[in-house]
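Heads up, the thing below is written out as structure tokens.
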Amino acid sequence: MLKDQPDNVLALNNLAWIYSQQNNPKAVEFGKKAYDKAPESAAIADTYGYILIKQGQQEEGNEGDQPREDGGKQMTRIARGNVLSQGNY
């Protein structure tokens, strides 16, 4: 799918998640691509934050926890909770 639609955010996000579950370092690459294209998406921000935190990049993974102008969060605390609950830190 990415060959035909290299900017498909859902495909990038899903591939990032799959790679993260395989502990493949490519997870960060695909997660960042998805996040750069759709930073307003909570699901994509959550995946990217999860990957960063899982790979030991807590500072980067927590950066998105800063409030936005609209009162929301870029990356949710769910990512951090998922990593901690699985012992993947």
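Model, not experiment: these values are computed from the prediction. Here, residue 1 is the first one in the sequence, and each next residue gets the next number.
Between Ala16 and Ala27, the shortest heavy-atom distance links the atoms O-CB, 3.5 Å.
Going from atom CG of Leu10 over to atom CG of Leu15 covers 12.5 Å, rounded to the nearest 0.5 Å. A distance of 9.0 Å separates CG of Asn14 from CD1 of Ile44, quoted to the nearest 0.5 Å. For the atom pair OG (Ser20) and CG (Leu52), the distance works out to 10.5 Å, reported to the nearest 0.5 Å. Within the model, atoms CG of Asn13 and OH of Tyr35 stand 12.5 Å from one another, a figure rounded to the nearest 0.5 Å.
In this structure, the side-chain contact (heavy atoms from CB on, under 4.5 Å) partners of Lys37, at least two apart in sequence or on a different chain, are Asp7, Val9, Leu12. Evaluation of the side-chain hydrogen bond (donor to acceptor under 3.5 Å, both in side chains) rule for Asp36 yields Lys32 as partners, not counting sequence neighbours.
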- Dump the intermediate steps for side-chain contact (heavy atoms from CB on, under 4.5 Å) on Trp17 and Tyr50, then the final yes or no. CA-CA 9 Å; Trp17 177 258; Tyr50 170 86; 3.4 Å; yes
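Residue pairs satisfying the salt bridge (charged side-chain N to carboxylate O under 4.0 Å, His left out) criterion with at least one member in residues 22-31, sequence neighbours excluded, are listed as follows: Glu29-Lys33.
Remark: the backbone N or O of Ala11 is paired with a side-chain donor or acceptor of Asn8 at under 3.5 angstrom.
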